[in-house]
Amino acid sequence: MLRVAGLLPRLARGVMPGPKRPRPPRIGTHGGTFHCDEALACFLLRRLPSYQDAEIVRTRDPQLLSECDVVVDVGGEYDPQKHRYDHHQRSFGESMHSLSADKPWQTKLSSAGLVYFHFGSQILAKQLGLNEEDPVVRALYDKLYENFVEEIDAIDNGISQWDGEPRYAMSTNVSSRVSYLNPRWNDEDQDTEAGFQKAMELVGGEFLDRLDYYHRGWLPARALVEEAIQQRFQVDPSGEILALALGGCPWKEHLFSLEQELGVKKPLKFVLYTDLSGKWRVQCVPDGLHTFQNRLSLLEEWRGLRDEELSQVSGIAGCIFVHSSGFIGGNHTKEGALEMAQKTLAQQTETNTCSS
């Protein structure tokens, strides 16, 4: 009777009760001290149309978590059919490789990696306005995992980057910067909600910035490096010297992968390119992406010398410098930089001939 009575005045005014509005979706994660992985996981989920207006519920209450549409980093369950993405349970050991055999990465996934594995392609495609099956999306998906998400997975799971004691501390990575947004242990106010919002903005902003760079900077560089490799014999008959059409192009990773893909039999030794002032640089190709060892360093007698002294010792006009470690040098002209590479190659050939 009370409900009917309460309804009568509204009916008299010609106002009918509307349909009950559905609640916004809920993303559940744990409360208290937060970490980079769940901050990124929540940010990524909110990039999906189905969760863009989602409320984030930070709690460890099983009842409240059971009412959430998706739960990350808490709950002790990994079940993508139920949208449960925790990695803390003893039985969990999934990696990108274990979930998809064509992916090489074997680092144990955190909540960030799990969300990225299941939704990353969809998120990137939406962000870039492309189809999920577009080769650009596939290439960027792998690149962002290897160079952004995997680090977060490893740090959250306590996986060291190397064996033994590190030579120095790393405290400026994104995981560390997120941790500093938690309240200090001796703060009177231990509320973590405002800090978690900042953490999502921090790690999410870096994710999008990295995506933008890889999409508009890193990926176009591949075409330039491939073209340079195809034309390398026009630069020098040895085929060991590369000349890039544009300076500043990120070439190392592309060079290593393209050498394999294109079946380059004689490894490249030097790359020529212009610096910001229009002068030419000759840089040695390293043995690998994460080493300072070179396939062939510039001549020892040139190292640490500059300008006219370097030109006199080398017999090459227009020299600017050679780094003391021999990994890079400079010349005012392309011809001079090329000659620096050629003379180094020639001495290596003489040394090999004498030793044999």
Side-chain angles (χ1 to χ4, degrees), residues 166-168 170 172 213 217-218 220-222 224-259 264-356:
R167 292 181 181 271
Y168 50 86
M170 289 288 289
T172 58
Y213 169 74
W218 175 81
R222 180 184 173 88
L224 288 177
V225 176
E226 183 170 2
E227 181 181 6
I229 291 176
Q230 301 285 14
Q231 297 178 355
R232 67 192 185 279
F233 289 102
Q234 298 176 29
V235 177
D236 185 76
S238 69
E240 297 177 84
I241 304 173
L242 207 67
L244 293 176
L246 293 173
C249 167
W251 53 267
K252 291 181 185 177
E253 183 177 355
H254 295 308
L255 184 148
F256 294 133
S257 63
L258 285 167
E259 276 184 330
V264 175
K265 295 180 180 179
K266 189 182 289 187
L268 291 153
K269 302 297 193 309
F270 297 101
V271 176
L272 311 180
Y273 58 88
T274 54
D275 62 17
L276 292 175
S277 66
K279 306 296 191 299
W280 281 84
R281 297 286 180 94
V282 50
Q283 186 168 344
C284 308
V285 176
D287 283 334
L289 273 178
H290 306 294
T291 178
F292 292 109
Q293 299 298 316
N294 302 314
R295 290 176 174 175
L296 178 62
S297 297
L298 292 168
L299 295 180
E300 171 126 18
E301 56 265 32
W302 300 349
R303 298 176 196 175
L305 303 182
R306 298 190 63 87
D307 304 322
E308 186 59 32
E309 182 184 8
L310 176 57
S311 291
Q312 290 181 359
V313 170
S314 66
I316 301 170
C319 288
I320 300 173
F321 77 99
V322 169
H323 192 275
S324 59
S325 68
F327 89 99
I328 193 170
N331 195 286
H332 286 277
T333 67
K334 179 180 180 180
E335 292 74 20
L338 175 60
E339 192 174 353
M340 293 169 78
Q342 289 172 327
K343 282 200 170 185
T344 303
L345 280 174
Q347 182 161 315
Q348 181 198 39
T349 301
E350 290 176 9
T351 301
N352 292 342
T353 302
C354 292
S355 61
S356 60

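The residues of the chain are indexed from 1 along the displayed sequence.
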Visitor: If you round to the nearest 0.5 Å, how far is CG of N294 from CD of Q283?
Guide: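 Atom-to-atom, Q283:CD and N294:CG are 8.5 Å apart.
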Visitor: Minimum heavy-atom separation for L345 and S238, please, with both atom names.
Guide: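 Nearest heavy atoms, L345 then S238: CD1-OG, 3.7 Å.
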Visitor: Is it true that, when you exclude L289 itself, more than 12 heavy atoms of the residues, nucleotides or ligands shown sit nearer than 6.0 Å to its CG?
Guide: yes
Visitor: Measuring from atom CZ of F321 to atom CG of L305, what distance do you get when rounded to the nearest 0.5 angstrom?
Guide: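 Rounded to the nearest 0.5 Å, the CZ-CG separation comes out at 12.0 Å.
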Visitor: Under the side-chain contact (heavy atoms from CB on, under 4.5 Å) rule, what do I229 and L268 come out as? Steps first, then yes or no, please.
Guide: CA-CA 9 Å; I229 291 176; L268 291 153; 4.1 Å; yes
Visitor: Would you say that W280 contacts L338 through its side chain, given a criterion of any heavy-atom pair below 4.5 Å between the two side chains?
Guide: no
Visitor: For the residue pair G239 and R232, what are the closest heavy atoms and their distance?
Guide: O-CD, 3.2 Å
Visitor: Should E300 and Q347 count as side-chain neighbours, where that means a heavy-atom distance under 4.5 Å?
Guide: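 Side chain of E300 against side chain of Q347, heavy atoms only: no contact under 4.5 Å found.
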Visitor: Could I get the full list of side chain to side chain donor-acceptor pair (under 3.5 Å) partners for H323, not counting sequence neighbours?
Guide: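 Per chain and number, H323 pairs via side chain to side chain donor-acceptor pair (under 3.5 Å) with S325.
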Visitor: Could you pull out all residues at least two apart from L244 that satisfy side chain to side chain contact (heavy atoms under 4.5 Å, CB included)?
Guide: V225, A228, L242, C249, W251, V271, Y273
Visitor: Does K334 NZ have over 12 foreign heavy atoms under 6.0 Å away?
Guide: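 Atom NZ in K334 is not crowded, with 12 or fewer foreign heavy atoms closer than 6.0 Å.
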Visitor: Considering all heavy atoms of both residues, which atom of C284 and which atom of G326 are nearest to each other, and what is their separation?
Guide: SG-O, 3.3 Å
Visitor: Looking only at heavy atoms, what is the nearest atom pair of R303 and L299, with distance?
Guide: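 So the two residues come closest at CG-O, 3.4 Å.
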Visitor: Tell me, do P286 and F256 make a side-chain contact under 4.5 Å, heavy atoms counted?
Guide: yes
Visitor: Considering residues at least two apart in sequence or located in another chain, which fulfil the ring pair (Phe, Tyr, Trp, His ring centres under 6.0 Å) criterion with W218?
Guide: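 Checked W218 against ring pair (Phe, Tyr, Trp, His ring centres under 6.0 Å); matches are Y214, H254.
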Visitor: Can you tell if the side chain of I241 reaches within under 4.5 Å of the side chain of V282, non-hydrogen atoms only?
Guide: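 No; the side chains remain at least 4.5 Å from each other.
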Visitor: Which residue pairs pass the salt bridge (charged side-chain N to carboxylate O under 4.0 Å, His left out) test when at least one of the two sits in residues 270-295, sequence neighbours left out?
Guide: E259-R295, D275-R281
Visitor: Does CD in E308 sit with more than 12 non-hydrogen atoms of other residues, nucleotides or ligands closer than 6.0 Å?
Guide: yes
Visitor: So which pairs with a foot in residues 233-245 pass salt bridge (charged side-chain N to carboxylate O under 4.0 Å, His left out), sequence neighbours left out?
Guide: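 Output for this query lists E240-K269.
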Visitor: Checking C319 now: which residues fulfil side chain to side chain contact (heavy atoms under 4.5 Å, CB included) with it, not counting sequence neighbours?
Guide: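 C319 satisfies side chain to side chain contact (heavy atoms under 4.5 Å, CB included) with L310, S311, S314, I316, N331, M340 only.
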